[in-house]
Amino acid sequence: MLQTISPALARRVALAAQGFGRPAAPTPGIRQLGALVERLGLLQIDSVNVFERSHYVPAFSRLGPYDKAQLDRLSTGAKPRLTEYWVHEASLIPVDDWPLFRWRMQAYRDKAAADDTHWSQENAPMLAWLRAELAANGPMRASAIEHDANKRSGPWWGWSDVKIGLETLFRWGDVVSGGRQRFERVYALPEQVFPTALLDREVPAADAHRALIAQAARAHGIGTVKDLADYFRLRTEPARAAIAELEDAGELIPVEVPGWGRGGAAGTAWLHRDARLPRRLDAAAVLSPFDPVVWERARALRLFGFHYRIEIYTPQEKRQFGYYVLPVLLGDTIVGRVDLKNDRQAGVLRVQASWAEPTAPADTAARLAEVLRSTAAWQGLSDIEVVPRGNLAAALAAEI
């Protein structure tokens, strides 16, 4: 008979595994940031900058105010500790984990080779030219390569072809990220960035899936097959096989969680053997829409009873909560959401809307006000303005 984990304990396990509820360092630096990325396994990247780039926010949510330049340092320089690849979506990952995705790189390459209509089939000279440009000039941005192309005579290509080519090579692993400049990815040949030992490391697909499921389980603490597979966007069947092997090895423990099955019945999940089982957990943070705690919307609903959809692409008149809405985590649950805008020119953090969940505690506005003060300070903003929209706005404005 399986051990039963209560939904409340499962929620605390998940948050603890994600790094919440731990004492924060007075001034988080490289060591703390590096350890956090190792714990999470990735930081998802997104281009929307209305509040802050998404990959910067999880560290703030867990560690408090830190210098973003320190996180940038981890992915740049002669020996970067982080690199980028398509793992959940585009994400920063520990450099040492890059070989775990060679099977995915090969799958992209094989799919292109089998498709006569694939862009790469008619553009092999373009791909060869891009490799030669990087070999001759070192790491470069797409815009710099496009500039070089436009200076040349003959049948050279425009920006869109340069970008498509570089992204094709990036998916195949033929080029890698050499960091970013003004958020534009710098492309490099692997040998220009990675050590030979890393480039020589080959990981069979089954071994890679097992390692990735183990990382997902450590980062989630507890999860269903779908939860664990989704962390690195793995297919269900190889994920199931990896889970079974890790269960046999004692690294994953099957448990039942009431309400996690179909129709509200108990559902099977897997608990990582090293997961903490906190009796209580008291966090206070706003979460990026692309934070692992909430990025899988069905898991957020199961863990927190929180129905979450990002409304960036919804027409304004049809938005329910706002444009760039961040969930509010207080204690061990999500109690509300705020639509934040960083008005950098005016030096103001604008709370475009603020909403409390029906079960939000009485001190939600007061605690959220403290979080927003810390957020504004982290962003170098001198003021906070609360727009009177949402059922929490009046109380939050009074606290601010």
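Nothing fancy with the numbering, it's 1 onward along the sequence.
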ask   = Does a side-chain heavy-atom distance below 4.5 Å link Asp291 with Val57?
value = no
task = Mind telling me whether Phe170 and Tyr85 have parallel, tilted or perpendicular rings, with 30° and 60° as the class edges?
result = tilted
ask   = Salt-bridged, Arg367 to Glu370, with N to O below 4.0 Å?
value = no
ask   = Are any of the side-chain nitrogens in Asp174 or Arg131 under 4.0 Å away from the carboxylate oxygens of its partner?
value = yes
Just list the side-chain donor-acceptor pairs under 3.5 Å for residues 94-106, sequence neighbours left out, or say none.
from, atom 1, to, atom 2, distance (Å)
Arg102, NE, Arg201, O, 2.9
Arg102, NH2, Leu199, O, 2.6
Trp103, NE1, Leu100, O, 2.8
Arg104, NH1, Trp86, O, 3.1
Arg104, NH1, Val87, O, 3.1
Arg104, NH1, Phe232, O, 3.3
Arg104, NH2, Phe232, O, 2.8
Arg104, NH2, Arg233, O, 2.7
Gln106, OE1, Arg109, NH1, 2.9
Gln106, NE2, Asp110, OD1, 2.7

request  = Could you name each residue pair satisfying salt bridge (Lys or Arg N to Asp or Glu O under 4.0 Å) that touches residues 318-327, not counting sequence neighbours?
outcome  = none
message = With clusters defined by side-chain heavy atoms of hydrophobic residues (ILVMFWY) lying less than 4.5 Å apart, directly or transitively, does Leu349 cluster with Val387?
response = no
remark   = Between Val193 and Pro80, the two heavy atoms sitting closest are CG1-CG, 3.8 Å
key: Residue pair Trp119 / Leu127, side-chain heavy-atom distance below 4.5 Å   = yes
query = Which heavy atom of Ala393 sits nearest a heavy atom of Ser354, and at what distance?
reply = CA-OG, 3.2 Å
query = Do Leu372 and Leu340 have side-chain heavy atoms sitting under 4.5 Å apart?
reply = yes
task = Taking the side chain as every heavy atom from C-beta outward, state whether Phe51 and Thr375 have any atom pair closer than 4.5 Å.
result = yes
key: Carboxylate-amine/guanidinium contact Arg302 Asp227, below 4.0 Å   = yes
ask   = Can you tell me if NZ on Lys341 sees more than 12 non-hydrogen neighbours from other groups inside 6.0 Å?
value = no
message = Does any part of the side chain of Arg53, heavy atoms only, come nearer than 4.5 Å to the side chain of Ile45, both counted from C-beta?
response = no
task = Calculate, to the nearest 0.5 Å, the distance between atoms CD1 and OH belonging to Ile312 and Tyr323 respectively.
result = 5.0 Å
request  = List for me each residue that meets salt bridge (charged side-chain N to carboxylate O under 4.0 Å, His left out) alongside Asp72, sequence neighbours excluded, and say none if there are none.
outcome  = none
message = Can you confirm whether the side chains of Gln320 and Glu311 place a donor and an acceptor under 3.5 Å from each other?
response = no
ask   = Counting heavy atoms not belonging to Glu317, are there more than 12 under 6.0 Å from its CD?
value = yes
query = Should Val257 and Leu281 be counted in the same cluster of Ile, Leu, Val, Met, Phe, Trp and Tyr side chains packed under 4.5 Å apart?
reply = yes
task = Specify whether His220 and Tyr231 have parallel, tilted or perpendicular ring planes, treating 30° as the upper limit for parallel and 60° as the lower limit for perpendicular.
result = perpendicular
query = Which pair of heavy atoms, one from Asp339 and one from Gly322, lies closest together, and at what distance?
reply = OD2-CA, 3.3 Å
key: Joint hydrophobic cluster, Met140 plus Val162, side-chain heavy atoms closer than 4.5 Å   = yes
query = Would Leu189 end up clustered with Tyr108 when hydrophobic side chains under 4.5 Å apart are linked, directly or stepwise?
reply = yes
inquiry  = Working note: Ile30 + Arg81, criterion side chain to side chain contact (heavy atoms under 4.5 Å, CB included); need CA distance, chi angles, decisive distance, verdict.
reply    = CA-CA 10 Å; Ile30 288 286; Arg81 292 172 56 183; 3.5 Å; yes
message = Are the side chains of His272 and Glu251 in contact, using a 4.5 Å heavy-atom criterion?
response = yes
Trp355 six-ring face occupied by Arg337 cation (under 6.0 Å, within 45°) = no
query = Tyr187 and Glu167: side-chain donor and acceptor closer than 3.5 Å?
reply = yes
request  = Please indicate whether Arg240 has more than 12 foreign heavy atoms, meaning atoms of other residues, nucleotides or ligands, lying under 6.0 Å from its CZ.
outcome  = no
request  = Taking the side chain as every heavy atom from C-beta outward, state whether Val255 and Leu2 have any atom pair closer than 4.5 Å.
outcome  = no
inquiry  = I'd like to check Lys226 versus Glu296 (side-chain heavy atoms, cut-off strictly below 4.5 Å). Are they in contact?
reply    = yes
